[in-house]
Amino acid sequence: MSTSIYVGNLPFSVSEEDVRNHFASYGEVFNVKFIMDRETGRFRGFGFVEMDEAAAKAAIEALDGKDFNGRTLRVNEANQKKPARPRRDY
DNA sequence: AATGAGCGA
């Protein structure tokens, strides 16, 4: 498996490719997923990156709190949500 | 459809 990394505070200018490129410098990136607003379909400003555990830690140490395209990047291990998003059924 | 703290489709 891979380690899920939470990447937040992303500028609306970047794409998965940019992030993947950035993270790829610290290890093999298995996958990059940007969270799009399910209502509008627009970029919500954060995403998740899957990397090897060692690579993930390296990337977090290297990129967390750093600047990315003009915004302070937030990088941490994702943990809070594993299954489908909790949502009330009205 | 829209924008700025956030942990997801």
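Letters A, B, ... mirror the listed sequences (proteins, then strands); counts begin at 1.
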Next item on the list: Measure the distance between the ring centre of Phe46(A) and the centre of the six-membered base ring of dG8(B), then answer whether it is under 5.5 Å with planes under 30°.
Entry: no
Margin query: How many whole angstroms separate atom CG of Asp37(A) from atom P of dA5(B)?
Written below: 16 Å
Margin query: Rounded to whole Å, how long is the line connecting atom CE of Met36(A) with atom P of dA1(B)?
Written below: 12 Å
Notebook entry, point to check: Are any of the side-chain nitrogens in Lys57(A) or Glu61(A) under 4.0 Å away from the carboxylate oxygens of its partner?
Noted result: no
Next item on the list: Among dC7(B), dA1(B), dA9(B), find the nucleotide with the atom closest to the side chain of Ile35(A).
Entry: dA9(B)
Margin query: On DNA chain B, does the nearest nucleotide to Gly45(A) precede the nearest nucleotide to Glu50(A) from the 5' side, or the other way round? Give the residue.
Written below: Gly45(A)
Note to self: Checking the side chain of Glu53(A) only, and the main-chain atoms of Thr3(A) only, is there a donor and an acceptor separated by less than 3.5 Å?
What the structure shows: no
Item checked: Whole-Å gap separating P (dA5(B)) and CZ (Phe43(A)) -> 14 Å
Next item on the list: Using atom CZ of Phe48(A) as one end and atom P of dG6(B) as the other, report the distance to the nearest whole Å.
Entry: 14 Å
Next item on the list: Kindly assign one of parallel, tilted or perpendicular to the pair Tyr6(A) and Phe46(A), based on the angle between their ring planes and the thresholds 30° and 60°.
Entry: tilted
Check: Does the side chain of Val7(A) come within less than 4.5 Å of Leu73(A)'s, by heavy atoms?
Finding: yes
Notebook entry, point to check: For the pair made of CZ in Arg74(A) and C1' in dG8(B), what is the distance, rounded to whole Å?
Noted result: 16 Å
Check: Choosing from dA1(B), dG4(B), dA9(B), which nucleotide comes nearest the side chain of Glu39(A)?
Finding: dA1(B)
Notebook entry, point to check: Is a donor on one side and an acceptor on the other found under 3.5 Å between the side chain of Asn9(A) and the backbone of Thr72(A)?
Noted result: yes
Next item on the list: Remember a base hit wins even if backbone is also touched, and classify Glu77(A) as base, sugar-phosphate or nothing at under 4.0 Å, heavy atoms.
Entry: base
Next item on the list: Hey, which sits more toward the 5' end of DNA chain B by its nearest nucleotide, Ser13(A) or Lys33(A)?
Entry: Ser13(A)
Item checked: Contact under 4.0 Å: Arg44(A) side-chain N or O vs dA9(B) OP1/OP2 -> yes
Notebook entry, point to check: Once you round it to whole Å, what is the distance between P of dC7(B) and CG of Leu73(A)?
Noted result: 15 Å
Check: Taking the side chain of Tyr6(A) as its heavy atoms from C-beta onward, which of dG8(B), dG6(B), dA1(B) lies nearest to it?
Finding: dG6(B)
Note to self: Just the rounded figure in Å: distance from P of dG8(B) to CD1 of Ile5(A).
What the structure shows: 17 Å
